[in-house]
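Below is one structure, written out as C-alpha cells; comments come after it.
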Amino acid sequence: MGWKQQASDYLSFTRKDRIAIIALLLVILGIFFLPRVISRKTGEKPAKADTAWIAAMKRIEQKDQQEDRSYKKYDDNSQAYQYDRPENNYSKRPKGEFFYFDPNTLPPAEWKRLGLRDKTIATIQNYLTKGGKFRKPEDLQRIYGLFPDEYERIAPFIKIESAGESNKYKKFVVKDPATYQPPKTFTGRYTIVDINTTDTTALIALPGIGNKLAARIINFRDKLGGFISINQVGETFGLPDSTFQKIKQYLKLSSTGIRKININTATIDELKAHPYIKYSLANPIIAYRNEHGWFLKVEDIKKVMTVTEELYNKIWPYLTIE
C-alpha cells in the first residue's frame with residue numbers, strides 16, 4: 001500500500017465524524033462571539049478606573065502645605081509681622097508692629113498696635129486697674145490669654161521703667177509759695193480685716209485676691225490653728241509676694257486664740273496634718289515619744305534629731321504638753 005493510500009484512509013471521515021466536527025466548530029464560534037452580542041444588547045459600558053482617591057490625596061497634600069506655613073517672612077521695610085493659619089482655624093492673629101513700650105503705662109490702643117487681641121488687652125487693663133504692676137518682662141507671661149508665641153515676639157521690646165528712672169530726668173520747678181497747695185491725702189479704699197476671724201468674702205474685697213486665693217488663705221489658717229503673725233499669710237500656697245505686699249497694710253492681728261496640738265497624745269495623722277510638721281517630723285516625734293515616754297515640756301521636742309532651732313521657733317507656739 002502506497003503512502004497516498006494511507007493518507008487517504010487517514011483523512012477520510014464518515015458522515016458522523018463530519019457532523020461532530022461541524023458541531024464542535026459551531027460551539028467554539030458561539031463561545032467567542034456570544035459575550036460581545038450580549039453586551040451590545042444590554043448596553044453595558046466597560047467600567048472606568050476609580051480615580052477618586054487621587055483627588056482625595058491631592059486635597060490632603062494641599063491642607064498639609066497650608067498648615068505648615070505658621071509664619072510669613074518678616075518684612076524689614078515695614079517692620080510688620082503676620083501670623084498665618086489656615087482659613088478654617090478657630091482664630092486669626094491680627095497684624096502688629098514692633099516698638100519699645102512699658103506695659104505698665106501702655107494704653108489699649110498701643111496694645112492693639114502691637115497685635116494683641118481685644119480679650120487679652122482687656123485682661124491686662126483689668127489687672128492694672130486693680131493695682132497690679134509688671135516689675136519685670138517675665139511678669140507679662142502670667143496674663144491669662146496671652147499665648148507663649150505672642151510673649152516671645154514682643155518680649156525684646158519690653159522696657160519697664162523703675163520709679164528711680166522715672167524721676168531721674170524730671171526737672172525741679174520752684175513754685176510760688178502763694179500758689180502752693182499741700183498734697184491731697186486720701187483715705188484707704190479697703191477695709192481692714194482681722195486675719196484670724198475674717199472669711200473669704202472680706203478677703204476677696206482686697207486688691208488682687210480672688211475666690212481661690214481667699215479660700216487658700218482660710219484653709220492655710222485652719223490647718224495652722226490660727227495665725228500668730230501677719231507675715232504668715234504670705235506663706236499661703238499660690239499667693240504672689242507682690243499681692244501679699246499690697247494687702248499687708250489692710251491686715252491686722254487682734255485675735256490670738258491659737259489651736260494647739262498636745263505632743264504627748266496626738267496621733268501621727270494629727271501631727272502630719274499641720275503645715276509646719278508634716279510626716280517628715282511627725283514620724284520622728286512619735287518614735288521618740290514611744291522610746292523615751294512623754295515630753296515634760298514643749299522645749300524637750302528639740303531632743304528629736306530632725307528638729308532644728310529654726311524649725312522649733314516656728315512650731316512651738318502650736319504645741320502643748322497638757
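Note that the coordinates shown come from a computational prediction; the quantities given were computed from them, not determined experimentally.
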What residues, two or more places apart in sequence or in another chain, satisfy side chain to side chain donor-acceptor pair (under 3.5 Å) together with Q245?
-> D241
Please say whether more than 12 non-hydrogen atoms of neighbouring residues, nucleotides or ligands are located less than 6.0 Å from CZ in F99.
-> yes
Between I261 and A266, what is the shortest heavy-atom contact and its length?
-> CG2-CB, 3.6 Å
Donor-acceptor under 3.5 Å (N290 side chain, A287 main chain) = no
L140 side, atom CG; L146 side, atom CG - distance, nearest 0.5 Å = 5.5 Å
Y279 and P284: which non-hydrogen atoms are nearest, and at how many Å?
-> O-CD, 4.1 Å
Could you name each residue pair satisfying salt bridge (charged side-chain N to carboxylate O under 4.0 Å, His left out) that touches residues 307-322, not counting sequence neighbours?
-> K302-E309
Work out which heavy atom in L116 is nearest to a heavy atom in I154; give both atom names and the distance.
-> CD1-CD1, 4.4 Å
If you measure from CG on N313 to OH on Y276, what distance do you get to the nearest 0.5 Å?
-> 12.0 Å
How about L319 and I277: do any of their side-chain heavy atoms sit closer than 4.5 Å?
-> yes
From CA spacing to verdict: side-chain contact (heavy atoms from CB on, under 4.5 Å), R135, I160 = CA-CA 7 Å; R135 289 177 170 79; I160 298 177; 6.0 Å; no
Side chains of E299 and Y312: does their closest heavy-atom pair fall under 4.5 Å?
-> yes
Here the gap from H292 atom NE2 to K303 atom NZ, rounded to the nearest 0.5 Å, amounts to 8.5 Å
Taking all non-hydrogen atoms of both residues, which atom of T197 and which atom of R221 are closest, and how far apart?
-> N-NH1, 3.7 Å
Any side-chain heavy-atom pair from I124 and P103 closer than 4.5 angstrom?
-> no
Assess whether side-chain contact (heavy atoms from CB on, under 4.5 Å) is satisfied between I121 and K112, documenting all intermediate values.
-> CA-CA 8 Å; I121 296 172; K112 189 77 173 179; 4.1 Å; yes
In a check of side-chain contact (heavy atoms from CB on, under 4.5 Å) between T198 and each of T191, I192, L203, I217, which one passes?
-> L203
Would a 4.5 Å heavy-atom cut-off, applied to side chains only, mark K252 and I195 as touching?
-> no
Side-chain heavy-atom pair E110, F101 within 4.5 angstrom cut-off = no
Any donor-acceptor pair under 3.5 Å linking the side chain of D300 with the backbone of K297?
-> yes
Report whether L25 and I31 are members of the same hydrophobic cluster (ILVMFWY, side-chain heavy atoms less than 4.5 Å apart, transitive linking).
-> no
Euclidean distance, L253 CG relative to N196 CG, rounded to 0.5 Å | 5.5 Å
Please confirm whether the backbone N or O of N264 pairs with a side-chain atom of R289, one donor and one acceptor, at under 3.5 Å?
-> yes
What pair of heavy atoms forms the shortest contact from G210 to I204, and how long is it?
-> O-CG1, 3.8 Å
From L239 CG over to F244 CZ, what is the distance, rounded to the nearest 0.5 angstrom?
-> 7.5 Å
Under the side-chain contact (heavy atoms from CB on, under 4.5 Å) rule, what do I209 and T243 come out as? Steps first, then yes or no, please.
-> CA-CA 8 Å; I209 302 297; T243 303; 3.8 Å; yes
Mind checking whether I321 and L296 have side chains closer than 4.5 Å, heavy atoms only?
-> no
Could you check if a side-chain atom of W294 sits within less than 4.5 angstrom of a side-chain atom of T265, using non-hydrogen atoms only?
-> yes
Does Y318 reach the main-chain N or O of G226 with its side chain, forming a donor-acceptor pair under 3.5 Å?
-> yes
Would you say the side-chain atoms of R216 pair up with the backbone N or O of T236, donor to acceptor, closer than 3.5 Å?
-> no
Verdict with reasoning, T320 to I263, per side-chain contact (heavy atoms from CB on, under 4.5 Å) = CA-CA 6 Å; T320 183; I263 55 177; over 6 Å; no
Any F134 side-chain heavy atom under 4.5 Å of I143 side chain | yes
Shortest non-hydrogen separation from K248 to N231 and the atoms involved | NZ-OD1, 3.0 Å
Side-chain donor/acceptor of D199 to backbone N/O of A202, under 3.5 Å | yes
Any salt bridge (charged side-chain N to carboxylate O under 4.0 Å, His left out) pairs touching residues 257-286, not counting sequence neighbours?
-> D269-K272
W111 side chain vs L106 backbone, donor-acceptor pair below 3.5 Å | yes
Interatomic distance, L281 atom CG to I268 atom CD1 [nearest 0.5 angstrom] | 10.5 Å
